[in-house]
Amino acid sequence: MPMATIEKIDSDLLEAQKNKEELKRDILRLVKSALKNAEIEKGSALNEEEASAVLAKEVKKRKESIAAYEQANRPELVASEQAEIDIIQAYLPELMSEDDVRTAVASYLAANPTTAAQMGQAMGALSGQLKGQADMGLVSKILRESLS
């Protein structure tokens with residue numbers, strides 16, 4: 001993992017401890033732990049893309065929790081998970097806007113005529129193109145809309 005990202009998380013963690021920002025401190029500790037576990041699993045240091053994938057996975061877990069908490073009508077837990085997402089996303093590269101994703105999907109479909117039955121293949125190709133740049137759930141939703 002690039003030193004800049006590690007140093008940024010470390011310095012922000014130190015700052016959160018000094019300022020007694022408990023939520024930020026706890027989330028940054030969890031993020032560092034997740035990154036360290038991924039590094040151990042890989043057996044070497046993570047590159048920027050791999051580190052971003054770990055952070056994106058952490059965000060995804062929290063989004064899934066939000067969906068469950070909304071079903072259970074627990075707004076206080078939804079707010080807590082959203083606050084965690086906001087902290088983690090500060091360390092992720094900026095994702096494409098919905099309009100940019102729509103443009104990318106449209107240009108893919110123009111170059112590769114696709115039927116609804118071929119959606120899996122299209123998602124595979126789009127995933128290769130847009131991974132790390134776009135929310136793949138959004139890509140899937142837009143692709144599904146475009147094919148129906």
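As a basis for the values below, the full set of heavy atoms in this structure was taken, side chains included, without hydrogen atoms, waters or symmetry mates.
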A side-chain contact here means heavy atoms from C-beta on lying under 4.5 Å apart; do E58 and I27 qualify? no
Under a 4.0 Å threshold between the charged nitrogen and the carboxylate oxygen, would E39 count as salt-bridged to K42? no
Derivation and outcome, side-chain contact (heavy atoms from CB on, under 4.5 Å), residues K57 and V54: CA-CA 5 Å; K57 196 171 171 184; V54 171; 5.6 Å; no
Establish whether Y69 and L23 are linked, either directly or via other cluster members, by ILVMFWY side-chain heavy-atom contacts under 4.5 Å. yes
Show, in sequence, the C-alpha distance, side-chain angles and deciding distance for I9 and L35, and conclude whether the side-chain contact (heavy atoms from CB on, under 4.5 Å) test is met. CA-CA 11 Å; I9 291 173; L35 290 168; 3.8 Å; yes
With the threshold set at 4.0 Å, does a side-chain nitrogen-carboxylate oxygen contact exist between E145 and R102? yes
Considering only Ile, Leu, Val, Met, Phe, Trp and Tyr, and joining two whenever side-chain heavy atoms are under 4.5 Å apart, list the other residues clustered with L126. M96, V101, V105, Y108, L109, M119, M123, L130, M136, L138, V139, I142, L143, L147
Go through it in stages, so that I can follow the logic: the residues are S33 and R29, the test is side chain to side chain donor-acceptor pair (under 3.5 Å), and I'd like the CA-CA distance, side-chain angles, deciding distance and then a yes or no. CA-CA 6 Å; S33 175; R29 284 180 177 164; over 6 Å; no
Please identify which of these residues, D86, I85, I87, D135, meets the side-chain contact (heavy atoms from CB on, under 4.5 Å) condition with V59. I85
Hey, what do you get for CZ (R74) to OG (S80), rounding to the nearest 0.5 Å? 11.0 Å
Decide yes or no for R25 and L13: does some side-chain heavy atom of the first lie under 4.5 Å from some side-chain heavy atom of the second? yes
Got a salt bridge between R62 and E64, using NZ or NE/NH1/NH2 to carboxylate O under 4.0 Å? no
So which atom in A110 and which in P113 form the shortest heavy-atom distance, rounded to 0.1 Å? O-CD, 4.4 Å
Assess, by modelled atom type and distance only, whether the side chains of R144 and S140 contain a donor and an acceptor separated by less than 3.5 Å. yes
With distance as the sole test, does S65 use its side chain to make a donor-acceptor pair with the main-chain N or O of K63 at under 3.5 Å? no
Please find the pair of heavy atoms, one from E50 and one from A45, that lie closest to each other, and give the distance. OE1-O, 4.1 Å
Check whether any side-chain heavy atom of K141 sits under 4.5 Å from a side-chain heavy atom of E98, and report yes or no. yes
Measuring only between side-chain heavy atoms, which start at C-beta, is Y91 closer than 4.5 Å to V31? no
Rounding to 0.5 Å, atoms NZ (K20) and CD (Q17) come to a distance of 10.0 Å
Under a 4.5 Å cut-off applied to non-hydrogen side-chain atoms, are E70 and I66 in contact? yes
Can you name the side-chain hydrogen bond (donor to acceptor under 3.5 Å, both in side chains) partners of D100, sequence neighbours left out? S97
Modelled atom types, side-chain donor and acceptor of N37 and E41, under 3.5 Å: no
Rounded to the nearest 0.5 Å, what's the gap from CG on D10 to CD on E15? Could you check? 12.5 Å
